[in-house]
J.: 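Mind having a look at this structure? Questions to follow.
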Amino acid sequence: MPCFFRRPVRLRKSPYLFTIFFLAIAPSVNAQKVTTSQYDNARHGANLIETTLTPSNVSAQHFGKLFTLKVDGDIYAQPLFLAGVEIPGKGRHDVLYVATEHDSVYAFDAYGNPSTPLWQVSLLKDGEAPVPGPDTDCPFIQPEVGITSTPVIDAQSGTLYVLARTKTRPSIVTALTRQTPTSYFQRLHALAITNGVEKLGGPVEIKAAMSGHGTGNRSGNLEFNPLRENPRASLLLANESVYLTWGSSCDVGPYHGWVMAYDAHTMQQKAVFNASPDADDSGIWASDTGPAADKEGNLYLATGNGRFDAATGGRDYGDSFLKLEDKSLKLEDYFAPFNVDDLDAADKDLGSGGPVLLPDQPGPHLHLAVIAGKGGTIYLVDRDKMGHFQSRDDSQIVQSYPSSGGGVYASMAYWNRNLYVVSDSDHDALRQFDVREGRLSLQASSGDMLAGMCSTPTISANGIRDGVLWVLRSKSWNGPDTHAILYAYDAANVTHRLYDSEQNSTRDRAGLALRFNIPTVIDGRVYVGAKREVDVYGLLSGNKTGK
């Protein structure tokens, strides 16, 4: 059932007044929507109301690329989707929201009717541009850095929250005389889903400071650095707050693992946390996935490399899995592996991907979370008692599953008692675990994907039936441009590959690959973000032309 947005009858002759007198009807249980990265705040990575795509029809014979939507910049953010949005002057549409590194946000008809944007807005202020890639001293996001993290939508209020990075363009005079230093900005925007107009008095410039003697401090004061802090992880909307997190670009310092909360109604900053106030690094990377939130409002996130001294009275949490209180961002609990110092020294970030919060389990460990990192080990942690740190082993947590020989550079997906993990292993890049009574056991593995997969899997299913596992092949590290490859597997048994976009490359080949992109599967379509385009896949017969 679509999610409808309607206006009072008296406004029918003046559609542009819609944004003033906007009324949102709460989505029904089965509403078609993707409002956040990985579909929900538990980060299960599963759309459970997909009734069109099934293991029986996702094949090169029946399924393929339908059309492509062109945009003005590269797409790292996962596309979002809302059904039944009234666009002023253009009627009701199921809308795909796309954000680019050129600091643009697009709203497209999700079925390509029309293929031109319903609206497009630039988040660049006068005299500003996206941050040039070389300014970050990192080759991974090029040629410009604008919107990287996946936005989040509040469907009730009709608001899309997005974090954008910009740089002032120096005038000819200042460029020649070098009299004015370059200014970098990060801003949180609140846009109307109907037309992209700024809401809530936004945008708000991101600023923060706290006491600390970490790298880059000035006389014991540590400030947020808008150039060095890279917001890679997706935004989180929970507890009437928007949560933002930061890592870095290629470990270029000084940087720290900042977490900030902003009021979703007023855009005022509510709380700030820093994972390394007296050290450096410990960024929240998450590889385009995001921090998770449980039903009680607690936040869960993992950090990357950096000093860990919390077990000896310090405040620094490198390579740790953290639980934060929602309102104050106070640290509530944590887990750090016994070999945390070795992980740091070997650049084996625990926080290379985000966590997944599993559904309630039987037995003593009711509330579980799972996290894995570049070290390859999968950690199953009791969210009610995370275990802190012990130097001899990790026996204080529920389970640690040893590495398959490859690191996990992204997050995981959960469906129907199954946990799916993609690593860069040569022999079992895709693994399927059974989750039963609070334990993981390997059920199946598939090595038919090429090694080097830095991907977060996603699931489409009709409840517990017809599960399809989707994986998007990323660009290799420092390698030449290559085309992304969309893979589909039977989620009941991942040794059974259903489809890949190179089987009929003339028809189905995707755009040039980026890193860590997550496909969006909704209402019979698969949306793949790539370099300056979104490729749209679906069944080749009975193609929808709009709603």
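Every value quoted in this text rests on a predicted model; they were computed, and no experiment measured them.
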J.: Quick check for you: to the nearest 0.5 Å, what is the distance between D72 atom CG and T100 atom OG1?
T.: 4.0 Å
J.: With a 3.5 Å cut-off and no angle check, do the side chains of D294 and Y300 form a donor-acceptor pair?
T.: yes
J.: Report yes or no: does S282 contribute a side-chain atom to a donor-acceptor pair with the main-chain N or O of T303 at less than 3.5 Å?
T.: no
J.: Which class fits the ring pair F273 and Y317: parallel under 30°, tilted 30 to 60°, perpendicular over 60°?
T.: tilted
J.: Verify ring-ring contact (aromatic ring centres under 6.0 Å, His included) between F308 and F389, making sure each step is shown before the conclusion.
T.: CA-CA 10 Å; F308 172 78; F389 169 81; 5.3 Å; yes
J.: Take the angle between the ring planes of F224 and W246 and call it parallel below 30°, perpendicular above 60°, tilted in between.
T.: perpendicular
J.: Checking side-chain polar atoms at under 3.5 Å, does R515 have a donor or acceptor matched by the opposite partner on S287?
T.: no
J.: Decide if the gap between the ring center of H388 and the ring center of Y334 is smaller than 6.0 angstrom.
T.: yes
J.: Kindly write out the residues that satisfy side-chain hydrogen bond (donor to acceptor under 3.5 Å, both in side chains) with K323, not counting sequence neighbours, or none if the list is empty.
T.: none
J.: Compute whether any side-chain donor of one residue and acceptor of the other, for S241 and K270, lie under 3.5 angstrom apart.
T.: yes
J.: Is a donor from one side chain sitting under 3.5 angstrom from an acceptor on the other, for E229 and Y255?
T.: no
J.: Determine whether a donor-acceptor pair (N or O, by modelled atom type, separation under 3.5 Å) exists between the side chain of N517 and the backbone of I75.
T.: yes
J.: Give a yes or no answer on whether the side chain of R383 reaches the backbone of L368 with a donor-acceptor pair at less than 3.5 Å.
T.: yes
J.: Can you list everything that forms a salt bridge (charged side-chain N to carboxylate O under 4.0 Å, His left out) with R532? Sequence neighbours excluded, please.
T.: none
J.: Between the main-chain N or O of D316 and the side-chain N or O of S276, is there a donor-acceptor pair closer than 3.5 Å?
T.: no
J.: Under 3.5 Å, is there a donor-acceptor pair linking the side chains of S400 and D394?
T.: no
J.: Could you check if a side-chain atom of V105 sits within less than 4.5 angstrom of a side-chain atom of L191, using non-hydrogen atoms only?
T.: yes
J.: Tell me, please, which residues at least two apart from S211 pass side-chain hydrogen bond (donor to acceptor under 3.5 Å, both in side chains).
T.: none
J.: Does S455 reach the main-chain N or O of L472 with its side chain, forming a donor-acceptor pair under 3.5 Å?
T.: yes
J.: Is R228 paired with D137 through a side-chain N to carboxylate O contact shorter than 4.0 Å?
T.: yes
J.: Report the relative orientation of the aromatic rings in Y106 and F108; use parallel for angles under 30°, tilted for 30 to 60°, perpendicular for over 60°.
T.: parallel
J.: Can E101 and T148 be counted as having a side-chain donor-acceptor contact under 3.5 angstrom?
T.: yes
J.: Would you say NZ of K385 has more than 12 non-hydrogen atoms from neighbouring residues, nucleotides or ligands within 6.0 angstrom?
T.: no
J.: Are V95 and I193 close enough, and set up right, to give a side chain to side chain contact (heavy atoms under 4.5 Å, CB included), and what steps lead you there?
T.: CA-CA 9 Å; V95 179; I193 62 172; over 6 Å; no
J.: Set out, in order, the CA-CA distance, both residues' side-chain angles and the distance that settles salt bridge (charged side-chain N to carboxylate O under 4.0 Å, His left out) for K70 and E533, then state yes or no.
T.: CA-CA 5 Å; K70 295 293 186 179; E533 68 183 55; 2.8 Å; yes
J.: I'd like to know if the side chain of R307 and the backbone of D344 have a donor-acceptor N/O pair within less than 3.5 Å.
T.: no
J.: Give a yes or no answer on whether the side chain of D382 reaches the backbone of H365 with a donor-acceptor pair at less than 3.5 Å.
T.: no
J.: Apply the test side chain to side chain contact (heavy atoms under 4.5 Å, CB included) to residues Y39 and V521: give CA-CA distance (whole Å), side-chain angles for both, the deciding distance (0.1 Å), then the verdict.
T.: CA-CA 10 Å; Y39 304 98; V521 189; 3.7 Å; yes
J.: Got a donor-acceptor contact below 3.5 angstrom from the T136 side chain to the P134 backbone?
T.: no
J.: For the side chain of N217 and the backbone of L222, is there at least one donor-acceptor N/O pair under 3.5 Å apart?
T.: no
